[in-house]
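The chains referred to below are lettered A, B, ... by the order of the sequence lines, with proteins before strands, and numbering in each begins at 1. What's counted below: heavy atoms across the whole structure, side chains too, no hydrogens, waters or symmetry copies.
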Amino acid sequence: MINTPKQYTVTAALPYVNGSKHIGHLAGAYLPADVYVRLKRLQGKDVVFICGSDEHGTPITIQAIKENCTPQQVIDKYHNLVKESFASLGISFDIYHRTSAPIHHETAQEFFTDFYNKGLFDEKVTRQYYDEEAGLFLADRYIKGTCPNCGHDSAYGDQCEKCGKSLDPTDLINPVSTVSGNKPVLKETKHWYLPLQKYEPWLRKWLLEDHAKDWKANVYGQSKSWIDGGLQPRAMTRDGEWGIKVPLPDAEGKVLYVWFDAPIGYISATKQWALDNNKAWEPYWKEADTKLIHFVGKDNIVFHCIIFPIMLHCHGDYILPDNVPANEFLNLEGDKMSTSRKWSVEMHQYLEDFPDKPDALRYCLLSNLPENKDSEFTWKDFQTKNNSELVAILGNFINRVLVLTHKFYAGKVPDKKPCDELQQFLIEQKNKIDEAIDNYRFREGLAEMMNVARHGNKLLTEKEPWKTFKTDPESAAVVLYDCIQIIANLSVMCEPFIPFSAVKIQHMLGVQTPFNWADVGRADLIPGNHQLGSPTLLFEKIEDEIIDIEIQKLYANKLEIVASEAVVVPSVAPQKAEITFDDFEKMDIRVGTILTAEKVEKADKLLKLSVDLGFETRAIVSGIAAHFKPEDIIGQQVSVLANLAPRKIRGVESKGMILLAEDETGKLHFVKTKEITGNGSIIR
RNA sequence: GGCGAGGUAGCUCAGUUGGUUAGAGCGCAGCACUCAUAAUGCUGAGGUCGGGAGUUCGAGCCUCCCCCUCGCUACCA
């Protein structure tokens, strides 16, 4: 860990702009990054805060087809939407760049060429599905077909969602391109792989040894898990048109893998920022005393802790991240947040509903960031945080003081001496906030800021200036002078967390030049006889009705989704390819009775059955453990495909297959005769 | 099943290298106050720290076993 950095390079994960982004993303990366950066700026540090849109990759091409427009139109639309949302929420990027910019293409290509010239890549030729009509190679996710395992008719190329089996696209029966609806063809293709495993010893030293202490447990644990699991060569190129061209003569139709180009986006964005501001970009990426910090969500840990560091290491000129303080996930009202499932609060949606309350959301999210474990956002909680903390503690304190000062002294600050005790307290709080933020404990920092307002409320209640103004005018003047100093300190302390309110407070105080962090801890920030501005309400209460509307909206969305799913699910699987009677005749289906059933060791979905087929009793392994309890199915009569070639599953020889019917809810039912039939009876 | 992260007050969460009666905010109850957006301050109730065993003078923190949640991963002929 770098202790006294000369400059800070802070990045927040580049949002993938195939859609809008929700408040979970905000809580995961952007908000903590912003707080960190704002504090550093107040401290006068040399810091650059980098972000931008990640605009390459197949999902964007697909989204374009869906929306019947060009990929460029898709990224323009969402780039602007997301960028504006961030701006409205006060996320203070120094640059919000985009990976479609020419400077980024050049930078990413330079990296690739550098690796290529050093001979770091392995070239490999593989066979992949190609959509001839669309003219593109299909990523696994864009091939659908019948699952060879469970027969589900719309399994994805990488996984069947019905039975959960992970697949290779070539396993699928009747593969179909989801892009054109046509049958794709297998075609040979060459790609450049980075052999990550070669860097394992280096990675172990840098990450597992050098950062054993200063990285968060979740980040360290996940990284370790990946390294221990064995690193694999990873293709750094893809087939496609939408992306950065592979800068080689024999690479027509090849683009850089988005995960190769995206993190380089941090670098190219810094270059652009430097150009715009007449600065040099290299110190922020190449000087040893620069502190590089990547703020990301937990889904991004592996890329920022393993792949990108390896890339930086391969290049050789670059510094490595000092920390990757990844957050966990933010749940919503007890369930996972998901834009596609419409169980989310999208940033732009929040801003439409609460256009004048960016700080309320910032405060609520910051007070409950998923720093150590997944945390929970509820609208009720949002309302409570706003009403009983922002309004009742912070806003109310400031309002009390300003109203009293206007009432008693016509808004003129009493001319008193600064209080040593108060100064001591303020310095303590300042240090606590400093320490918390430096260690990425944002909730704690926020709480310490609020404690300053609590202290102010306490002071007022104890000294009762509204009483002493008549009985002991000196005391009233002193306490109001002190409280005004507290407000001045608060206006700086709260800036990293609730920047819009910070500005408002300084405006109310009638402060001309904004304070900075060095001013915090002084009990004489506002001089005697200074004329205060007029008090306005900092925050307003949010009524139940408003919150109820939001909650209803959420559940309405859910009903809609459930309804649409209910419509889709009963769709009957299309008929499979025609077979002959001879094909059917090959199958020997028999009636049998389950005699015993037990779970297979070390497998969640498997049951080992012994089935009496009349002429023999045999062992059959079936993937039904999720649907039936062993004790419930003993004695059941079932249909068995008896002459299926035996196969060893999890070390157990399985001879045959139990026939099951799957209903629209995915539930399995045994196929059996209505009356009890002799074991071994032939079904035909 | 394996790996990773968690399971602490009604709710949302802290608990740094094991050390005296386990914390915060919100909520709740009582009291005080009335300058303030019925806001604030004080006091209090409330926890066998997922369960069990062990190491230790001493364990929420360490070891082992089990249960539950989340993420990645394996098994489904």
Side-chain angles (χ1 to χ4, degrees), chain A residues 147-151 160 162-166 213 216-226 228-229 298-299 301-302 328-329 331 336 364 367-378 380-381 384-385 387-393 395-408 439 441 443-444 446-448 450-451 453-454 456-469 476 479-480 483 535-541 599-607 620-627 641 644-652 654-658 660:
Chain A
C147 175
N149 176 45
C150 70
C160 172
K162 205 84 174 184
C163 67
K165 180 163 177 84
S166 42
K213 285 276 164 63
K216 291 169 67 165
N218 56 341
V219 176
Y220 185 87
Q222 259 210 47
S223 301
K224 185 171 189 303
S225 176
W226 263 79
D228 288 346
K298 73 170 160 186
D299 50 331
I301 289 174
V302 61
E328 300 283 306
F329 287 155
N331 291 324
K336 259 177 275 188
C364 179
S367 68
N368 202 17
L369 287 180
E371 287 176 352
N372 301 319
K373 52 186 167 193
D374 290 357
S375 68
E376 183 86 15
F377 176 93
T378 66
K380 266 289 167 204
D381 189 50
T384 305
K385 289 255 159 67
N387 293 357
S388 352
E389 297 185 33
L390 283 180
V391 174
I393 295 170
N396 188 227
F397 167 62
I398 292 167
N399 192 238
R400 297 169 84 179
V401 174
L402 295 187
V403 166
L404 284 170
T405 310
H406 274 91
K407 192 180 273 185
F408 297 154
N439 290 291
R441 298 195 304 258
R443 286 189 312 214
E444 185 183 322
L446 182 74
E448 293 301 346
M450 287 301 280
N451 281 340
R454 287 196 175 88
N457 275 320
K458 187 170 177 166
L459 208 60
L460 275 185
T461 306
E462 281 172 358
K463 300 287 184 186
E464 304 183 303
W466 51 91
K467 273 187 186 168
T468 58
F469 180 65
V479 69
L480 283 175
C483 283
T536 52
L537 293 183
L538 245 198
F539 307 101
E540 58 181 20
K541 287 195 142 196
K599 280 214 67 176
V600 174
E601 288 282 307
K602 301 182 180 183
D604 289 350
K605 298 180 183 171
L606 303 180
L607 288 186
I620 295 175
V621 176
S622 185
I624 55 173
H627 297 83
L641 179 58
L644 186 67
R647 181 177 164 125
K648 226 173 185 181
I649 302 165
R650 281 271 140 184
V652 184
S654 177
K655 296 163 81 174
M657 187 167 111
I658 307 290
L660 295 145

From U12(B), A39(B), G25(B), nucleotide with atom closest to A392(A) side chain: A39(B)

Any K467(A) side-chain nitrogen or oxygen under 4.0 Å from OP1 or OP2 of U34(B): yes

Nearest-nucleotide pick for S375(A), side chain only, options being C70(B), A77(B), C13(B): C13(B)

Separation of C13(B) P from E376(A) CD (nearest whole Å): 6 Å

Rounded distance in Å - CG (N387(A)) to P (A36(B)): 19 Å

Test side-chain contact (heavy atoms from CB on, under 4.5 Å) applied to N368(A) and R443(A), step by step: CA-CA 7 Å; N368(A) 202 17; R443(A) 286 189 312 214; 4.2 Å; yes

Closest listed nucleotide, where the reference is the side chain of K407(A) and the choices are A36(B), A77(B), U37(B): A36(B)

A24(B) - base-pair partner by Watson-Crick or wobble geometry, distances under 3.5 Å: U12(B)

Set of side chain to side chain contact (heavy atoms under 4.5 Å, CB included) partners for D299(A), sequence neighbours left out: F329(A)

Side-chain touch V401(A)/L480(A), heavy atoms, less than 4.5 angstrom: yes

OP1 or OP2 of A14(B) under 4.0 Å from side-chain N/O of R441(A): no

Out of A77(B), C26(B), C35(B), whichever nucleotide has its closest atom nearest the side chain of R454(A): C26(B)

Sugar-phosphate, base or nothing in reach of V391(A), heavy atoms under 4.0 Å: base

Close side-chain approach of P465(A) and L460(A), heavy atoms under 4.5 Å: yes

Assigned partner base of A36(B), Watson-Crick or wobble definition, under 3.5 Å: none

Between C26(B) (C1') and F377(A) (CZ): distance, integer Å: 15 Å

Qualifying residue, where the test is side-chain contact (heavy atoms from CB on, under 4.5 Å) with N399(A) and the options are L404(A), L537(A), T536(A): L537(A)

Base partner of A5(B), which must satisfy Watson-Crick or wobble distances under 3.5 Å: U69(B)

Side chain of W466(A) - closest among C33(B), C26(B), A36(B): C33(B)

Spacing between W226(A) atom CH2 and U73(B) atom P, to the nearest angstrom: 8 Å

S367(A) vs G25(B): side-chain N/O to OP1/OP2 distance below 4.0 Å: no

Of the listed nucleotides U34(B), A77(B), U37(B), the one nearest the side chain of V621(A): A77(B)

Counter-base of A59(B), judged by Watson-Crick or G-U geometry with both distances under 3.5 Å: none

Length of the CE-C1' vector between M450(A) and C13(B), whole Å: 16 Å

Whole-Å distance separating the CG atom of L369(A) from the P atom of G25(B): 19 Å

Sugar-phosphate only, base, or nothing, as touched by I393(A) at under 4.0 Å among non-hydrogen atoms: sugar-phosphate

Side-chain heavy atoms of N457(A) within contact of R400(A), under 4.5 Å: yes

Partners meeting side chain to side chain contact (heavy atoms under 4.5 Å, CB included) with T378(A) (sequence neighbours left out): E333(A), E376(A), K380(A), D381(A)

Annotated protein contacts, base or backbone, on nucleotides 4-10 of chain B with a non-hydrogen cut-off under 4.0 Å, one of B, S, - each: SSSS---

Interatomic distance where NZ belongs to K385(A) and P belongs to C11(B) [whole Å]: 14 Å

Nearest-angstrom distance from the residue atom CG of L460(A) to P of C33(B): 17 Å

